Amino acid sequence: MILSRRLTLYVHRPCILAVRFTSTTKDTKSMQPPNPKRICSDMVGPPDPVSNLRTIIFKEPLNETHLEKRYRKLRADVQEWNQKFWTQHNSRFYQEREDYVKKNLPADKQNLTADEMSVFYKAFLDKNWKLHLNYNMEWYKKNFTLLKLALRIKLMRLLRLKD
């Protein structure tokens with residue numbers, strides 16, 4: 001039996017920290033992510049096949065303050081919220097696109113042209129513009145909160161260095 005193998009990278013900005021080979025067969029596909037308490041910095045994983053987002057494993061420092069812990073957990077919550085939104089959105093998009101192609105594909109053709117598909121894309125965007133607007137507003141709020149916490153932490157570290 002030949003196992004299909006896939007290269008999984010966990011990337012540290014700016015260099016690669018860990019390279020792992022994982023099998024893509026069902027029985028061995030469950031690779032354990034790196035332990036957040038043992039890594040030296042945040043790590044970025046491979047893109048999700050549906051959402052296209054890369055999961056970030058946030059480092060858990062040993063001497064983490066209450067504010068830093070709150071910031072790390074909020075970052076993880078925002079990442080999870082983002083993952084959920086884009087997984088649902090892209091799943092819906094793929095399903096509706098498949099239905100559109102089945103409904104509009106002539107018997108003598110194998111696929112639709114870009115111009116023919118543009119009708120679907122525009123209709124999909126028009127139908128979901130309110131959803132995207134709400135997502136963007138919520139995303140800005142969450143990022144502003146993260147920015148405020150990050151600035152407080154930077155200021156706290158600066159003041160700690162002065163002492």
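These figures come from a predicted structure and were not determined experimentally.
For the pair Asp48 (side chain) and Ser51 (backbone), a donor-acceptor distance under 3.5 Å is present. Within the 3.5 Å criterion, the main-chain N or O of Val50 finds a donor-acceptor partner in the side chain of Asn90.
A salt bridge does not link Asp77 with Lys73: none of the charged nitrogens is closer than 4.0 Å to a carboxylate oxygen. Under a 4.0 Å N-O distance rule, the pair Glu68/Arg157 qualifies as a salt bridge.
Closest heavy-atom contact between Arg54 and Pro46: NH1-CA, 3.6 Å.
Interatomic distance, CG of Asp108 versus CD of Gln110, reported as 10.5 Å (0.5 Å rounding). Atom-to-atom distance recorded for Ile56:CD1 and Gln79:CD is 5.0 Å, nearest 0.5 angstrom. With rounding to the nearest 0.5 angstrom, the CZ atom of Arg92 is 11.5 Å from the OG1 atom of Thr87. We find the CG-CG distance between Leu151 and Leu158 to be 11.0 Å, quoted to the nearest 0.5 Å.
Under a 4.5 Å side-chain heavy-atom cut-off, the cluster of Ile, Leu, Val, Met, Phe, Trp and Tyr residues that includes Met137 has no other member.
Judged as a ring-ring contact (aromatic ring centres under 6.0 Å, His included), and not counting sequence neighbours, the contacts of Phe124 are His89, Phe93, Phe120. With sequence neighbours excluded, the residues that form a side-chain contact (heavy atoms from CB on, under 4.5 Å) with Lys109 are Leu105, Pro106, Thr113, Glu116. Remark: Ser118 engages no residue in a side-chain contact (heavy atoms from CB on, under 4.5 Å) (not counting sequence neighbours).
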Inset, instruction - Report the C-alpha separation of Lys127 and Glu96 in whole Å, then their side-chain angles, then the decisive distance to 0.1 Å, and conclude whether the salt bridge (Lys or Arg N to Asp or Glu O under 4.0 Å) test is met. - result: CA-CA 12 Å; Lys127 186 173 83 174; Glu96 289 182 27; 2.7 Å; yes
Legend entry - Verdict with supporting geometry, Asp126 and Lys122, salt bridge (Lys or Arg N to Asp or Glu O under 4.0 Å): CA-CA 6 Å; Asp126 289 346; Lys122 178 165 180 7; 2.7 Å; yes
Inset, instruction - Would you sort out whether His132 and Leu125 count as a side chain to side chain contact (heavy atoms under 4.5 Å, CB included), showing the intermediate values? - result: CA-CA 9 Å; His132 286 207; Leu125 288 174; 4.3 Å; yes
Legend entry - Worked check of side chain to side chain contact (heavy atoms under 4.5 Å, CB included) between Leu53 and Asn82: CA-CA 8 Å; Leu53 299 176; Asn82 236 346; 4.1 Å; yes
Inset, instruction - Check the pair Arg72, Leu67 against side chain to side chain contact (heavy atoms under 4.5 Å, CB included), reporting the backbone distance first and the verdict last. - result: CA-CA 9 Å; Arg72 179 179 47 82; Leu67 195 60; over 6 Å; no
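Under the 4.5 Å side-chain contact rule for hydrophobic residues, Tyr94 and Tyr100 share a cluster. Following chains of ILVMFWY side-chain contacts shorter than 4.5 Å, one can reach Ile153 starting from Leu146, so the two form part of one hydrophobic cluster. In the hydrophobic cluster analysis, where Ile, Leu, Val, Met, Phe, Trp and Tyr join through side-chain heavy atoms closer than 4.5 angstrom, Val44 is grouped together with Phe58.
No hydrogens or angles considered: nothing links the side chains of Tyr135 and Trp81 as a donor-acceptor pair under 3.5 Å.
Looking at heavy atoms from C-beta onward, Arg97 lies out of side-chain contact with Leu112 at the 4.5 angstrom threshold. Residues Leu74 and Leu149 form a side-chain contact, since some pair of their non-hydrogen atoms from C-beta on lies under 4.5 Å apart.
Within 6.0 Å of atom CZ in Arg152, 12 or fewer heavy atoms from other residues, nucleotides or ligands are found, so the atom counts as exposed in its surroundings.
Residues in residues 136-147 take part in no side chain to side chain donor-acceptor pair (under 3.5 Å) pair, two or more places apart or across chains. Note on residues 81-90: no pairs pass salt bridge (Lys or Arg N to Asp or Glu O under 4.0 Å), not counting sequence neighbours.
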